[in-house]
Structure formats: structure tokens, C-alpha cells
Amino acid sequence: MAYDFPDARGHFGPYGGQFVAETLMEPLARLTEAYARLKNDPAFLAELDNDLRHYVGRPSPLYHAERLTAKWAKNGGGAQIWLKREDLNHTGAHKINNTVGQALLAKHLGKTRIIAETGAGQHGVATATIAARLGLKCVVYMGAEDVQRQSPNVYRMKLLGAEVIPVKSGTQTLKDALNEALRDWVTHVDDTFYIIGTVAGPHPYPMLVRDFNAVVGRELLTQCPERIGRLPDAMVACVGGGSNAIGMFYPFLPHPEVRLVGVEAGGHGIDTPDHAAPLSAGMPGVLHGNKTYIMANEDGQISNTHSISAGLDYPGVGPEHAWLKDSGRAQYVAVNDEPALAAFHELTRVEGIIPALESAHALAYAQQMATGLGPDHHIVVNLSGRGDKDIFTIAKREGIELL
Ligand SMILES: *Cc1c(COP(=O)(O)O)cnc(C)c1O
């Protein structure tokens, strides 16, 4: 099977595309054309490589979690657990891979103003960071509800020089922030570049964001043979919008011997309304300019989602994942809040690595997989981010009041 998606019009099989207002078609076409030119430009690629190496801190290590492997083996499992350490990147997650890439596009296109949407604030911080470095004006749209819930990240963005605009429409969360950012882009398209934070939105965004995150999978294609002696049996990544997962999976699509598993947020369970697992328990539909799996009621009204991890709390998913699910090349499962929390504590205590709650979902599923596999099996987990941002959530659940 060939995996050179999307097609020229941004389709991944029946998914993707550009379901947007007429006014956005022209800016999207210009962006698509500019990217097609720059992605093969040696000067652009050299600059990107330099930033990833010396600003982001790449390549990120592939770490053998030996104590965790041994601990989980005691419970009847035994597969070797490896961690791709995206938590060690500048700003603490994979999101910087994409913002560095898109900001460089903005610079090469002569744009002076950057806008972004953010939910928990992680993408907003990554965008404000790179805007500060390049001396670009930065405006971040954030649901008013999220501004309240995520005040440390709001302050971080302000310290970095960004303007944070609270969005008061709809449920005042991520999906509303994304709509508002698209509206801003239409009216300021001459000087403004819109940096989307995950593999969502209209074409070419799902392709752009994938390509910039695919550095993760490319590094693994070299690191796995060096460290493991071959490619792994399976790779596991959490799926919110799907950018860290597709970044890991994409370079491995032509290697069918490597099983690819995306882990969605099961929240309180996919048999309840409180989850964020459109691939596991949603249906095809249109959201934020593309066709994909979404969580909606029978009238097409987007559902409210729930996850303990803010970064997975999104009612849609990148269209390429929808296609990989239908084609069977990747598998998608859901992990609930409780096992994710248990994995969070386990990694922290056994390996001295505090993972993001998002990444803990992937870890929890890797534990399930490891059970029943022998020690000659190897599973690589994408540790998409560090958990410093989550200590407030954890403390609150344990009844502890932090400052
Ligand atoms: C934002 C975030 C995610 C979810 O986004 P994807 O686009 O699905 O990768 C996962 N992990 C961390 C640490 C995040 O900050």
C-alpha cells in the first residue's frame, strides 16, 4: 500500500479536505503553494535543522525504561519498554517541533504577526516562545473558560510577550478559540500567519503539522536499529488532535511489521458521555475545516468532551488518523482517567520521569500490551511531554492545596 497522502486537494481517502468559507480558500491555496516550494528549499531546510538541533535540543533520546520493564514483567508481562523523550524538548513537549517549523514558514513568507489557538495553553506557550525568538508579534486565542483554568500558562504567554485574547463564544473552550483564530486570519491575512497546534484544520494544515512532527519518527528509524538492533514490534502514542502520534507513525507507515497504536482519552469510559475518543466512539463528520471522526449528537451538534488531561480534550482528530483507522494500518484504543493516573505515578516513582498526563495514557496502554508479550518484544512509547504542568491537577485530586 502506498502512503503518500494527502492528495493535491488535501484528502486522506474520504477524509480531510477544505470545508471552509470562500474567503479562506485563497489564503489556504497560497499557503499550500508556498509550502510546496519551501519544503524542498535547501536554505529553509538547513535553518529548520539548525533550530531543531540548537534551540529545541534535538534529537531527543530513546530511553530504555529497564526498571519499569522489570516491574511490569513481574505482573506477567515482559516486553521491553522504550521511551522517546519528547518531554526533554525546549518548552517540555513535542509541540515546539511544529511551532518552530511553521514560524520559519511565516518568516520566509515575510509575515510579521503570528496567531494561534490554544486549549490548555501548551501550544500557546510554544507559539509565544518561538514568536519571541523571531521578534514576531503574537496573539493567542484561548477560550475564556480555559483562561480561568490555566492561569500559569496564560501568565507564561504574557511574559513571553504574547497577547492572550479570551474567547467568549460557544463553550468558551478550544474549539471556539480555533474558530476565532480562523476569523482573525481571514481579516489579517496579508501580514498574519496562523500556526495551528495539531493535525486539524483545513488542508494544508494536517500535512504541515505532520511533516514538522515527523522528525520524531525519522529519528526513531535511526535510533531503533542502533539501540534495539532492529525496528520495534509496536509503537504507542496518545491522540488528542493526533500530532505527536502521526509524527511518530508517519515514517513507519511503510514498515508493516511495526504495529502502530494510538491511544485516545477514555475519560470516565467510552460507554459514558464523558470522554474524548472520537475514533473509538465517534462518527465521521466535519469539524474545523476537515472531514474526520468527531464527537457529535444526531443533529451534528459537537459534544462536550472530558479527559483528565487537557491536551487530549478535543472532540475531533486529525483526518489522517481517520484514514489510518479505516485502512487498518493503525489501531486506536481508549484509556480512561484512572489507569492514566496510575501510569503517571508509576513512571514518576520507578524511573524518575514525571510524564504529562497525556503521555501517561500511552504508557498505560503499553503496560497492557506488555503483559502477554515476552522480553524479546520491544514497545516504543512516545513520551510527548513532561508533567510539570499537571502537578496542580494531581495535587487537587489528592486534596493538596499548592500555592
Ligand atoms: C497537546 C499535547 C498532546 C495532544 O496533542 P496531539 O496533537 O494529539 O499530539 C499530547 N501530549 C502533550 C504533552 C501535549 O502537550
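Please read all numbers here as calculations on a predicted model, not as lab measurements. One-based numbering, in listed order, for ligands and for the atoms of each. Computation of the quantities below employed the complete heavy-atom set of this structure, encompassing side-chain atoms and omitting hydrogens, waters and symmetry-equivalent molecules.
Here atom 10 (C) of ligand 1 lies nearest to Glu358 when heavy atoms of His321, Gln122, His123, Glu358 are compared. Of all the listed residues (Gly311, Gly385, Ala126, Ala93), Gly311 holds the heavy atom that lies closest to atom 4 (C) of ligand 1.
Salt bridge absent: Glu401 and Lys396 never bring a charged side-chain N and a carboxylate O closer than 4.0 Å.
For residues 187-202, no pair satisfies salt bridge (charged side-chain N to carboxylate O under 4.0 Å, His left out), with sequence neighbours left out.
Side-chain contact of Tyr293 with Asp326: a donor-acceptor pair under 3.5 Å is present, judged by distance alone.
Residue Ser243 touches ligand 1 through backbone and side chain together, judged by heavy-atom distances below 4.0 Å. Neither the backbone nor the side chain of Glu86 comes within 4.0 Å of ligand 1, counting heavy atoms alone. Within the 4.0 Å heavy-atom criterion, the part of Lys95 lying near ligand 1 is the side chain and not the backbone.
Here Tyr141 pairs with nothing under the ring pair (Phe, Tyr, Trp, His ring centres under 6.0 Å) rule; sequence neighbours left out.
Polar contact with ligand 1: absent for Ala356 (N/O pair, distance under 3.5 Å). Between Thr198 and ligand 1, at least one N/O pair is under 3.5 Å apart. Residue-to-ligand polar distances place Gly241 within reach of ligand 1: an N/O pair is separated by less than 3.5 Å.
The shortest heavy-atom distance from Arg386 to ligand 1 is not under 4.0 Å.
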